[in-house]
Amino acid sequence: MSESSNFIFNEIDKDLANGVYQADEIMTRFPPEPNGYLHIGHAKAIFINFSVKEKYHGRTNLRFDDTNPAKEDVEYTEAIERDIAWLGYKWDNLFYASDYFGRMYEYAVELIGKGLAYVDDQTQDEIKANRGTLTEKGTNSPYRDRSAEENQTLFREMKEGKYPTGSKVLRAKIDMASPNINMRDPVIYRILFETHHNTGDSWCIYPMYDYAHPIEDAIEGVTHSLCSLEFEDHRPFYDWLLDHLDDCRVKRPRQIEFARLNITNTIMSKRYLKRLVDEGRVDGWDDPRMPTLSGLRRRGVTPAAIRNFCYESGVAKANSVIDKAQFDYFVRDDLMKTSKRVMAVLNPLKVTIRNYPEGESELLDIPYNLDEPEGASRKVPFGRELYIEREDFMEVPPKKYFRLFPGNEVRLMGAYFITCESFVKDEDGNITEVICTYDPETKSGSGFTGRKVKGTIHWVPSGAIEMEARLYEELLNEDSDAEDWVERLNPNSLTVCNALGEPSLANAKPGDLYQFVRNGFFCADSRHSKAEHLVFNRTVSLKSSWQPPKEA
RNA sequence: AGGGGUAUAGCCAAGUCGGUAAGGCAACGGAUUUUGAUUCCGUCAUUCGUAGGUUCGAGUCCUGCUACCCCUGCCA
């Protein structure tokens with residue numbers, strides 16, 4: 001495996017070579033706002049920050065960027081910590097931006113003292129109107145030239161709660177004619193009478209992201225502040241602020257932007273995911289249909305799969321959309337190595353083995369992985385009746401169909417060869433039963449080499465179907481969890497949210513989960529104590545539905 | 001007077017000094033197979049958005065175009 005390389009590492013290497021930072025002080029941070037659950041897109045940001053820590057033997061902090069009490073909640077901080085830990089990352093320190101409110105306030109006072117910030121009494125609409133447009137410069141606020149003394153008094157009174165929400169703001173005094181709108185005297189403090197999840201009611205003014213973030217980074221000693229592309233335009237202010245704060249001028253972090261992760265047909269917007277939850281379109285943030293880390297976890301995706309996916313996806317500045325198949329590959333790849341394999345039937349068809357003694361049965365010992373016959377195994381009852389997948393039998397087989405059809409012999413996986421003798425149809429012409437014979441000589445593991453078959457098919461014991469599960473859950477046979485498996489496998493009860501291209505679950509296709517299962521993986525709900533990954537392979541292609549080859 | 005970014009295969013993506021296009025996914029061949037899976041071999045860019053220029057030599061340097069993304073929250 002080649003050493004990974006990306007432009008961020010290159011930039012850090014340059015900074016190290018130029019002596020901008022010392023090798024032992026490299027520090028990054030993952031700074032989510034606790035206003036929702038983490039999703040697969042965040043996993044990439046987490047991966048990037050922690051990969052810097054690993055490569056440079058540095059540190060990475062988790063910092064809750066909680067500067068807007070109106071949107072944040074402890075429910076989210078807890079979920080975020082849980083999800084990062086699940087992904088397998090350990091932060092060096094846990095910080096809250098809100099812990100720095102005091103210092104942020106003092107820095108604002110410093111700015112005012114230097115004539116670099118002022119209190120603006122304009123209304124929100126006036127500020128907006130005076131900001132100008134993309135092509136026209138803005139105009140100065142009539143309050144722009146207040147004296148430092150007046151501004152100090154006003155700002156202190158804002159903090160003391162003398163003015164109502166929204167009545168005044170503190171603005172940095174830069175340049176209303178700047179072509180970069182972020183430099184047109186950005187608002188850095190607003191009045192907000194809201195209870196904060198961390199600081200309670202001790203503040204009624206809160207710093208804006210643009211103001212708070214550079215200070216947070218500087219206070220913590222972050223060297224590389226990695227964020228997504230849309231903040232490129234904010235970098236000039238990030239640098240301006242640090243340039244004008246005495247404490248931060250010398251040792252200061254560097255902001256580097258990268259492209260967000262996008263996956264085809266996958267919603268990657270916290271705003272919209274929150275709507276799905278709020279409107280009850282899903283069971284919660286951890287609904288298996290959600291692209292959240294908690295949802296993926298419940299769906300059977302492993303942390304290693306996500307990490308490998310991020311690693312192989314690369315880090316760049318070009319906007320891109322990764323094919324979902326690439327994500328699926330890494331899930332399959334990891335599950336294939338680590339999971340137990342079992343048999344399942346989604347659409348059952350009864351098979352009667354005519355020459356198997358009536359009323360008798362035997363317990364077959366079937367290894368979870370037939371490539372490792374000495375490995376762990378489970379007992380599966382085998383008798384005169386059993387069920388196979390309906391797709392695995394055809395009355396009139398097309399060319400190159402290797403499974404069951406009249407006269408053909410196949411192996412029942414882990415059991416015996418069976419040969420189809422005939423089949424039964426109901427009045428409507430539907431096939432209801434297949435009659436076969438088996439060859440006792442061909443028992444799995446017996447070393448039989450007399451002849452070969454081209455097809456091997458899955459099957460489940462007759463009792464399995466009676467659970468209405470259409471799934472025989474072999475692993476948990478003494479456990480009541482089987483019903484959850486029913487729930488998870490029923491194509492009509494669980495669709496795949498990722499198929500959505502727009503904000504409506506109504507567009508999800510009922511067959512999506514089925515497809516998902518056929519694509520090779522699912523697992524027990526990880527909220528259950530006995531949760532365990534199982535790989536469910538079928539005799540058909542796991543990558544795509546088997547299609548009869550075209551006639552030549 | 002707009003500003004900031006990005007363009008390398010169907011999809012991601014490497015390509016720090018100019019030296020003759022990594023790797024992964026997908027796809028397609030073929031071998032093995034008690035899962036049509038896995039595994040294993042092999043194929044898949046005479047060309048890097050485009051038009052010129054410099055050079056013995058350009059994905060890399062220069063100039064001009066084009067396309068797409070982001071920015072006018074008291075969100076982050």
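Just the heavy atoms: all of them, side chains too, but no hydrogens, waters or symmetry mates, feed the values below. So that the names make sense, note that chain A is the first sequence line, chain B the second, and so on, each numbered from 1. None of these values were measured; they are calculated from a predicted model.
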Look at the side chain of A/Asp66 and the backbone N and O of A/Ser98, then say whether any donor-acceptor pair between them is shorter than 3.5 Å.
yes
Greater than 12 external heavy atoms within 6.0 Å of A/Glu374's CD
no
Determine the Euclidean distance between corresponding C1' atoms of B/A9 and B/G15; express it in Å to zero decimal places.
15 Å
Nearest to side-chain heavy atoms of A/Met413, which nucleotide of B/G24, B/U34, B/G36
B/U34
Would you say the side-chain atoms of A/Asn49 pair up with the backbone N or O of A/Ala45, donor to acceptor, closer than 3.5 Å?
yes
Does B/C75 have OP1 or OP2 under 4.0 Å away from a side-chain N or O of A/Arg190?
yes
Does any donor atom in the side chain of A/Glu126 or A/Gln124 lie under 3.5 Å from an acceptor atom in the other side chain?
no
A/Arg146, CZ: over 12 other non-hydrogen atoms inside 6.0 angstrom
yes
Phosphate oxygens OP1/OP2 of B/G73: is one of them under 4.0 Å from a side-chain N or O of A/Arg131?
yes
Same-atom distance (P) from B/C40 to B/G57, integer angstrom
44 Å
Considering only B/C12, B/G4, B/G2, which nucleotide approaches the side chain of A/Leu134 most closely?
B/G2
Establish, with yes or no, whether the OP1 or OP2 oxygen of B/C74 is under 4.0 angstrom from a side-chain nitrogen or oxygen of A/Thr165.
no
Applying a 4.0 Å non-hydrogen cut-off, can you work out what A/Thr67 is touching in the nucleic acid: base, sugar-phosphate, or nothing?
sugar-phosphate
Residue whose nearest RNA chain B nucleotide is more 5′ - A/Ala316 or A/Thr135:
A/Thr135
So what does A/Glu232 hit on the nucleic acid, given a heavy-atom distance under 4.0 Å: a base, only sugar-phosphate, or nothing?
sugar-phosphate
May I ask you to say what A/Asn10 touches in the nucleic acid, namely base, sugar-phosphate or nothing, with a heavy-atom cut-off under 4.0 Å?
base
Hey, can you tell me if A/Phe237 and A/Trp240 have their rings parallel, tilted or perpendicular (30° and 60° cut-offs)?
parallel
Can you tell me whether the side chain of A/Asp233 and the base of B/G3 have a donor-acceptor pair closer than 3.5 Å?
yes
Quick one: on RNA chain B, does A/Asn319 or A/Asn6 contact a more 5' nucleotide (nearest heavy atom)?
A/Asn6
Any A/Lys14 side-chain N or O less than 4.0 Å from OP1/OP2 of B/U16
no
Calculate the interatomic distance between A/Leu229 atom CG and B/G3 atom C1'; express it in whole Å.
15 Å
Report yes or no: does A/Asp334 contribute a side-chain atom to a donor-acceptor pair with the main-chain N or O of A/Phe330 at less than 3.5 Å?
no
For the P atoms, the ones on B/U60 and on B/G49, what distance do you get once it is rounded to whole angstrom?
8 Å
Base, sugar-phosphate, or nothing: which does A/Glu126 touch, judged by heavy atoms less than 4.0 Å apart?
nothing
Write down the distance separating the C1' atoms in B/C12 and B/A26, rounded off to the nearest Å.
11 Å
With sugar-phosphate meaning primed atoms plus P, OP1 and OP2, does A/Lys452 contact a base, only sugar-phosphate, or nothing at under 4.0 Å between heavy atoms?
sugar-phosphate
Short side-chain N/O contact from A/Tyr329 to OP1 or OP2 of B/C25, under 4.0 Å:
yes
Can a donor-acceptor pair under 3.5 Å be found between the side-chain atoms of A/Gln326 and the base atoms of B/G24?
yes
Return no unless some side-chain N or O of A/Ser320 is found under 4.0 Å from OP1 or OP2 of B/A13.
yes
Between B/U8 and B/A58, how far apart are the C1' atoms? Round to whole Å, please.
14 Å
Considering only the C1' atoms, how many Å lie between B/C70 and B/G24, rounded to the nearest integer?
28 Å
Would you say the side chain of A/Arg403 and the base of B/G36 hold a donor-acceptor pair, judged only by whether the two atoms sit under 3.5 Å apart?
yes
Could you give the distance separating B/U39 and B/G5 at their P atoms, to the nearest angstrom?
43 Å
Please report the distance separating the P of B/U46 from the corresponding atom of B/G10, rounded so that it comes out in whole Å.
10 Å
Spacing of A/Lys324 atom NZ relative to B/C12 atom P, expressed in whole Å:
16 Å
For A/Ile191 and B/G73, what is the distance between atoms CD1 and P respectively, to the nearest whole Å?
19 Å
Rounding to an integer number of Å, can you tell me how far A/Asp392 CG sits from B/G36 P?
9 Å
